[in-house]
Amino acid sequence: MTRAIVSAARNLARSPGRSLSLLALMCAAFLAIVLIRAGYADMFERVKASVAREDGDLSFSRSDGGESDLAEYESLRARLASDGRFRATRASVPIDGLVGLGDRSAPASGQAVEDSGLAFEPAGRTAEARIGVTLARTLAASPGDELTALIGDTGYNLKLVGSVSTKAATLDRFYIELPLEALSEEGSTLRVDRIRIWFRDPSAPRLEAIRELSAWPELAGYEPSAYELGNTVANSIVGVYEGSFRVVLVAVALATLLALGNATLLSSWERGPEWGTMLALGAPFSRVASALVLEAFILSAAACAAGAVLSLAICAIANLAGGLTFPPPPTQTEPVVVRFKLEATALALVLGLSLACAAASALVAAIGIKRRSVTELLFERN
Amino acid sequence: MSDAILRFEGVTRSYSMGESVAYGLRSLTVEFGEGEFAAVVGPSGSGKSTLQHLGAGYDRPSSGKVLLMGRDLAGYTDRELARLRNRSIGFVFQSFNLLPVLSAVENVAYPALLYPRRGEGRSAIEARAIELLDRVGLSGKGRKRPHQLSGGERQRVAVARALMNRPALVFADEPTANLDHATGSAVLDILEALNAEEGATLILATHDPEVTKRARRIIALKDGRLAKDAP
């Protein structure tokens with residue numbers, strides 16, 4: 001085996017230009033896949049963390065128009081608090097109305113959120129508020145501005161603390177967020193459409209809790225969801241990214257396979273007399289095929305080793321530099337900073353893929369040799 | 001004539017060239033006895049190489065039979081044919097056909113390493129390869145790779161390789177064509193000695209008058225047909 005490996009390595013060294021360019025190509029493909037995956041891995045982690053922070057470990061929402069007033073919610077909150085497993089709950093109530101600044105006004109639709117970090121002064125009916133970035137542009141409002149609002153039948157003085165981008169750009173034209181406390185006077189007329197719940201133990205099993213809580217009468221009519229169950233908006237966004245990553249993966253793998261297959265095929269044609277000589281001397285076809293596979297494997301393994309070292313180095317350097325910064329996506333104001341999270345599974349996947357590409361291309365070349373007679377091979381270039 | 005080791009029975013080898021058909025051999029019937037030293041002569045394209053390749057089992061006839069040691073080569077599986085080529089046939093190519101990544105010793109030892117005989121280890125095989133290299137006058141050059149050897153030296157390595165498994169039948173395709181007169185003579189001496197000492201059948205395709213002078217039988221081909229068969 002050692003001699004076969006040495007022979008294969010010597011054969012590769014006979015065409016240093018071709019071997020090096022193939023090695024560089026495969027290494028680049030390795031880097032592309034691993035680094036894209038590493039970047040995504042970081043984004044996935046952040047999306048998951050953000051979802052857990054924003055959406056809660058469990059989320060119960062209702063869109064059936066059914067009634068569930070604040071009093072019922074408060075009873076649920078008390079029951080959850082006494083349970084001991086839950087750290088926090090937060091209710092959201094849909095709101096609609098008009099918001100204005102100076103002589104400009106616009107319809108607004110959004111939510112009043114419990115424990116939102118927004119302050120409310122009952123005396124002056126003054127509440128801190130966030131509005132969608134597009135709505136802020138429509139009103140020419142900026143943080144610190146004082147706005148007026150008519151929510152339901154109640155008037156408010158709002159102090160704008162910031163504009164936000166929601167997950168849906170069109171929503172930003174209307175979006176408004178107030179503290180739930182500002183609406184508490186409305187009492188039984190409020191309809192709670194979403195309840196978020198956080199566990200004390202973040203690793204607590206979601207499915208069991210959902211099954212149990214769904215049976216509580218206070219949550220009757222609510223639709224449960226959790227990130228792990230794959231039914232949140234964020235999860236579907238991650239799914240889209242993962243889907244596009246798979247497309248990139250397949251495209252790069254195909255390109256590598258084509259390039260490697262083409263080069264191996266070309267090499268096998270050029271070296272026809274050599275294969276012919278081996279067969280003429282009595283080598284079984286399996287020896288020729290295994291020589292081809294071994295050469296392709298050595299090339300792939302070398303490319304993967306170089307790719308792994310380079311990707312580790314690039315990830316380390318990029319992370320040390322604080323990550324790669326990309327411009328803000330549409331409707332967003334913050335730049336996207338991607339840090340690289342290199343995963344052993346991604347490395348193993350790409351290594352496996354490279355070796356599979358090598359084996360496939362060698363197999364194609366071997367079939368080409370098998371179809372020719374020894375004489376045809378011997379006179380390949382003559 | 002002694003017992004036939006190789007027999008061609010009405011062998012035709014044709015090649016389709018688009019619309020037309022070219023013939024390597026046409027209805028050739030000829031046989032070679034054990035221990036013969038035959039020279040196959042004829043102009044380029046007369047079928048000399050085709051005869052050798054069909055006889056060595058490198059190619060298959062379009063029609064007719066090639067019998068090696070009494071058995072039709074068409075009846076062999078690929079694996080059997082490979083083993084037969086390895087054990088019973090030696091071939092010296094015009095352009096040497098040494099494996100470029102192997103040293104001279106490794107090239108010579110290669111056929112024996114493919115199917116080592118019982119009790120024959122790698123070191124014994126390499127010792128015999130070195131002995132053969134000594135015999136063809138390449139003492140001390142065993143570690144050199146083909147590109148480090150002259151044309152004559154490469155041809156001698158190829159001869160040593162052809163003898164490695166002590167074949168019963170040796171083909172040589174224009175073995176002196178790429179060599180100067182002295183080196184060509186030396187190569188012929190080795191082949192002749194093999195024929196005389198070990199009784200191997202030698203079938204040489206050649207244009208070289210010196211080869212035909214030494215051969216004990218001349219087979220002339222023309223357009224793939226037997227034109228002359230004379231001692």
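Both backbone and side-chain heavy atoms feed into the values below; hydrogens, waters and symmetry mates do not. For clarity, every value in this text was computed on a predicted model and none was experimentally measured. So you know, we letter chains A, B, ... as the sequences are listed, proteins then strands, and number each from 1.
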Sort B:D78 into side chain, backbone, both or neither according to what part of it lies under 4.5 angstrom from a heavy atom of chain A.
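The side chain, not the backbone.
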Go through the atoms of B:L102 and report whether side chain, backbone, both or neither lie under 4.5 Å from a heavy atom of chain A.
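Looking at B:L102, backbone and side chain both touch chain A.
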Applying a heavy-atom distance below 4.5 Å, give me the residues of residues 62-75 of chain B that approach chain A, sorted by number.
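Answer by number: none.
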[X] side chain to [Y] backbone, donor-acceptor under 3.5 Å:
{"X": "A:N319", "Y": "A:F340", "result": "yes"}
{"X": "B:Q148", "Y": "B:R145", "result": "yes"}
{"X": "B:N107", "Y": "B:L99", "result": "yes"}
{"X": "B:R161", "Y": "B:F91", "result": "no"}
{"X": "B:R225", "Y": "B:L221", "result": "no"}

Should we say atom CZ of B:R117 is surrounded by more than 12 heavy atoms from elsewhere, each under 6.0 Å from it?
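Enclosed.
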Under a 3.5 Å cutoff, is there a donor and acceptor pairing between the side chains of B:S103 and B:E106?
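Their side chains do contain a donor-acceptor pair, which is all the 3.5 Å distance test asks for.
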Which residue out of B:T50, B:L98, B:N86 racks up the most heavy-atom pairs below 4.5 Å with chain A?
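Result: the option with the highest number of such pairs is B:N86.
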